[in-house]
Q: 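Dropping a structure here in structure tokens format, bear with me for questions.
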Amino acid sequence: MARTARITSIKDALTQLTIAVPVIFRDGVGRISEGVPPTLGGNDVPRTLTKVWCARQGLKDDPGSSIVLRSLQGPNVAFVSLGESDQDTNAYRLAGAGALRASGEGSVAFLLPTEGLGDPSGVAQALTEGALLSTYSFKDQSAAATFDVAPVGMPLPTVAVHDAVTNGVLRGALVAEAVNWAKYLVDSPAGYLPPKALANEIEERLEEDEHVNVDVWFEAKIKEERLGGLLGVGQGSAQPTRLVYATYDPQPGVAIPHVALVGKGVTFDSGGLSIKSADGMTTMKTDMTGAAVVMAVLSLASRLSLKVRVTAIAPLTENLVGDKATKPGDVLTIRNGMTIEVLNTDAEGRLILADGLSLAAEVSPDVIIDVATLTGSQNVALGDEVGAMFVSNDELAQRLAEASERSGEALWRLPLVGSYESHIESDVADMKNQGKPPKAGAIVAALLLRRFTDGKSWAHLDIAGPARADAARGYVTKGATAFSTRTLVEYLVALSNGANA
Ligand code: BES
Ligand code: MN
Ligand code: ZN
């Protein structure tokens with residue numbers, strides 16, 4: 001069940017089914033802020049929760065742990081752990097999800113004590129994000145209940161603090177909605193959203209957004225623009241190939257940072273003639289996550305009114321096995337004129353990204369970032385909770401690491417090992433699309449992509465593992481995660497606030 005978020009007062013909070021109260025732990029003892037009223041709808045709320053009581057009730061000190069005390073009189077009261085600090089944004093994300101886990105289907109009001117908060121806006125955003133992300137469901141998209149945030153304090157929150165919290169709740173709701181939209185695109189079966197329908201869904205959303213322009217390229221245009229990698233991958237499928245080219249430019253003609261994003265949009269990856277196993281194919285509708293992520297990021301840049309320019313490019317195609325399919329040994333000519341020998345048709349992501357990156361480099365952005373469920377090797381190396389980043393320079397790596405820390409989406413930098421370039425030497429073309437499996441598959445793929453970035457400042461996020469969750473954890477729902485959307489938005493927010501690209 002999806003939800004909407006609102007800012008509310010303590011009085012209105014008492015009318016909700018559940019009131020959530022944050023708990024800070026010190027030495028195993030739970031503490032409740034002085035700003036929380038001593039009685040809530042007839043229930044006494046103590047200032048400390050003893051170790052023994054917490055253990056008996058099952059309230060742990062891990063951030064997001066929660067319990068609910070049901071009441072005959074007023075609202076139910078949920079206690080939600082923030083861990084040991086009341087300043088950690090990641091803990092607030094987990095607490096938002098914990099509040100909803102404790103309360104179930106009904107409406108919740110979260111009491112947010114604001115005294116001493118360093119970043120009330122960031123905290124309110126995180127809390128709202130965590131709550132709304134955790135309520136996503138592909139099956140049930142009804143939006144009956146609400147998530148309310150009531151700033152409280154002793155002394156009462158100032159107007160400035162109240163405004164900051166309001167702003168944070170709004171931003172958190174916008175971010176969570178966009179991430180949940182991307183998750184919905186990814187969870188949609190490949191039969192519902194083949195390239196043409198996916199392009200339409202994206203276009204429909206982006207058309208609403210201010211300062212955004214969106215073009216959908218059909219096959220004639222893709223041929224005219226010489227995107228040989230994309231055409232080569234798509235030609236085995238009866239579903240027509242598309243490319244979405246979107247821009248966000250809030251101040252045309254003014255020099256603001258310009259970021260080009262490229263997202264892998266393989267709506268289904270069967271492997272092509274180098275066909276996958278039955279098991280290996282079951283989750284391959286997920287292979288358009290990069291496309292969904294970059295379009296959600298562009299949409300959010302607009303909805304958050306960021307002062308950055310964004311160009312987002314998503315090649316959308318199916319990797320299938322029809323009688324026109326690319327065959328192992330075929331050579332494709334990419335947009336920038338380079339040729340690639342296709343020795344494994346299952347290494348298709350790099351072929352369509354080569355075209356996408358070439359297009360991105362042509363608009364001379366300050367930075368290019370691509371996002372792709374690119375290699376099984378990434379999943380083997382880092383698993384499904386950590387993405388891989390490959391970055392051309394240390395400054396950009398540092399910025400992305402900071403953004404990843406703020407978003408709670410873990411990224412680990414892997415090296416662009418220069419000598420492995422030899423793995424993709426070809427006898428008949430400029431390069432081949434497969435290295436020396438099973439050696440360094442994620443690195444070799446990144447090295448191939450780098451050849452299409454024209455020496456620009458560039459990052460590649462390989463999110464093959466974290467694009468899906470096998471089970472729900474914290475605010476991450478089972479299935480599609482749209483991993484890296486929030487990190488990229490954090491990165492753009494920093495640029496918008498004056499950081500260097
Ligand atoms: N889409 C897959 C990568 C993938 C695997 C994503 C598992 C999510 C989960 C990609 O197109 C692929 O098949 N890569 C091959 C490349 C190899 C043939 C060089 C791989 O990594 O096995
Ligand atoms: Mn593949
Ligand atoms: Zn793929």
Side-chain angles (χ1 to χ4, degrees), residues 186-187 190 194-195 198 229-230 232-234 236-237 241 262-293 314-321 325-330 332 340-356 370-388 390 414 420 423-426 431-449 460-470 479-484:
V186 175
D187 276 332
L198 177 56
L230 178 58
V233 173
S237 169
T241 290
V262 181
K264 174 177 174 181
V266 175
T267 58
F268 188 76
D269 183 9
S270 74
L273 290 174
S274 314
I275 199 161
K276 289 183 183 295
S277 66
D279 271 355
M281 228 184 272
T282 54
T283 57
M284 281 301 137
K285 67 175 181 182
T286 314
D287 217 18
M288 36 56 73
T289 299
V293 165
L316 307 179
T317 194
E318 259 191 355
N319 188 22
L320 258 80
V321 293
T326 292
K327 302 161 196 76
D330 281 353
L332 303 176
I340 307 183
E341 181 187 10
V342 180
L343 287 179
N344 190 321
T345 63
D346 197 11
E348 84 295 343
R350 61 201 77 184
L351 302 174
I352 73 172
L353 290 172
D355 279 325
D370 74 76
V371 183
T373 47
L374 202 62
T375 66
S377 162
Q378 183 281 328
N379 200 357
V380 170
L382 298 173
D384 59 5
E385 295 188 31
V386 182
F390 295 87
L414 293 180
Y420 294 174
H423 293 203
I424 49 174
E425 276 169 16
S426 163
M431 68 202 86
K432 57 189 170 96
N433 78 331
Q434 167 172 251
K436 300 182 179 174
K439 291 187 189 193
I443 295 174
V444 167
L447 290 171
L448 185 146
L449 295 182
H460 157 56
L461 306 184
D462 190 341
I463 56 163
R468 291 193 74 77
D470 294 341
T481 60
F483 184 91
S484 75

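Indexing begins at 1, ligand by ligand and atom by atom, following the structure's order.
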Q: Could you check which N/O/S atom of E348 is closest to the Mn ion (ligand 2)?
A: OE1
Q: Please confirm whether R468 comes under 4.0 Å of ligand 1, counting heavy atoms of the residue only.
A: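 For ligand 1, residue contact (heavy atoms, under 4.0 Å) with R468 is absent.
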Q: Atoms of ligand 1 less than 4.0 Å from E348 heavy atoms?
A: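 Result: 11 (O).
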Q: Atom CD1 in I275, atom CG in L320: separation rounded to 0.5 Å?
A: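 One finds 8.0 Å between CD1 of I275 and CG of L320.
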Q: Between the Zn ion (ligand 3) and D346, is there an N, O or S atom separated by less than 2.8 Å?
A: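 No, outside the cut-off.
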Q: Could you check if a side-chain atom of L461 sits within less than 4.5 angstrom of a side-chain atom of Q378, using non-hydrogen atoms only?
A: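 Side-chain contact under 4.5 Å: no.
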Q: Can you list the ligand 1 atoms lying under 4.0 Å from a non-hydrogen atom of N344?
A: 18 (C)
Q: Which atoms of ligand 1 are found less than 4.0 Å from any heavy atom of K264?
A: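 Under 4.0 Å from K264, ligand 1 has these atoms: 1 (N), 10 (C), 11 (O).
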Q: With rounding to 10 degrees, what does the angle K264:NZ / the Zn ion (ligand 3) / D287:OD2 come to?
A: 90°
Q: Can you name the N, O or S atom of D269 that is closest to the Mn ion (ligand 2)?
A: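 Closest N, O or S atom of D269 to the Mn ion (ligand 2): OD2.
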Q: Would A347 count as a contact for the Zn ion (ligand 3), in the sense that one of its N, O or S atoms lies under 2.8 Å from it?
A: no
Q: Does any part of the side chain of D462, heavy atoms only, come nearer than 4.5 Å to the side chain of L414, both counted from C-beta?
A: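 Heavy-atom side-chain distance check fails, nothing below 4.5 Å.
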Q: The Mn ion (ligand 2) to D346: any N/O/S contact under 2.8 Å?
A: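 Checking the Mn ion (ligand 2) against D346, an N, O or S atom does fall under 2.8 Å.
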Q: Does D384 pair with R468 as a salt bridge, N-O distance under 4.0 Å?
A: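 No, this pair does not count.
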Q: For Q378 and ligand 1, answer yes if some heavy atom of the residue is under 4.0 Å from a ligand atom, otherwise no.
A: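 Outside the 4.0 Å threshold, so no.
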Q: Are any side-chain N or O atoms of T267 and backbone N or O atoms of P194, one a donor and one an acceptor, separated by less than 3.5 Å?
A: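 Answer holds: no.
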Q: Is the closest N or O pair between N379 and ligand 1 shorter than 3.5 Å?
A: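 No: no nitrogen or oxygen of N379 is under 3.5 Å from one in ligand 1.
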Q: Any chance you could measure E348, atom CD, to N319, atom CG, to the nearest 0.5 Å?
A: 4.5 Å
Q: Does the N433 side chain pair with the main chain of N344, one donor and one acceptor, at a distance under 3.5 Å?
A: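 Side chain of N433 to backbone of N344, a donor-acceptor pair under 3.5 Å: yes, one is there.
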Q: Under 4.0 Å from a heavy atom of M284: which atoms of ligand 1 are those, numbered in the order shown and with their elements?
A: 1 (N), 4 (C), 5 (C), 6 (C), 7 (C), 8 (C), 9 (C)
Q: In Å and rounded to the nearest 0.5 Å, what is the CZ to CE distance from F268 to M281?
A: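 CE of M281 is found 5.5 Å from CZ of F268.
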Q: Starting from atom 15 (C) of ligand 1, what is the nearest protein heavy atom, named by residue and atom, and what distance separates them?
A: D346 O, 4.0 Å
Q: I'd like to check which ligand 1 atoms, numbered from 1 as shown, lie under 4.0 Å from a non-hydrogen atom of T373.
A: 1 (N), 2 (C), 3 (C), 6 (C)
Q: Which protein heavy atom lies closest to atom 6 (C) of ligand 1, and at what distance to 0.1 Å?
A: A464 CB, 3.6 Å
Q: From atom 10 (C) of ligand 1, work out which of D287, L374, V266 has a heavy atom at the shortest distance.
A: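 Looking at heavy atoms only, the winner is L374.
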Q: Look at atom 20 (C) of ligand 1 and say which protein heavy atom is nearest, naming residue and atom and giving the distance to 0.1 Å.
A: G376 N, 3.7 Å
Q: Can you list the ligand 1 atoms lying under 4.0 Å from a non-hydrogen atom of D269?
A: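 Going through ligand 1 atom by atom, the ones under 4.0 Å from D269 are 1 (N), 2 (C), 10 (C), 11 (O), 13 (O).
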Q: So between R350, K436, Q434, whose heavy atom ends up nearest atom 16 (C) of ligand 1?
A: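 Among R350, K436, Q434, the closest heavy atom to atom 16 (C) of ligand 1 comes from R350.
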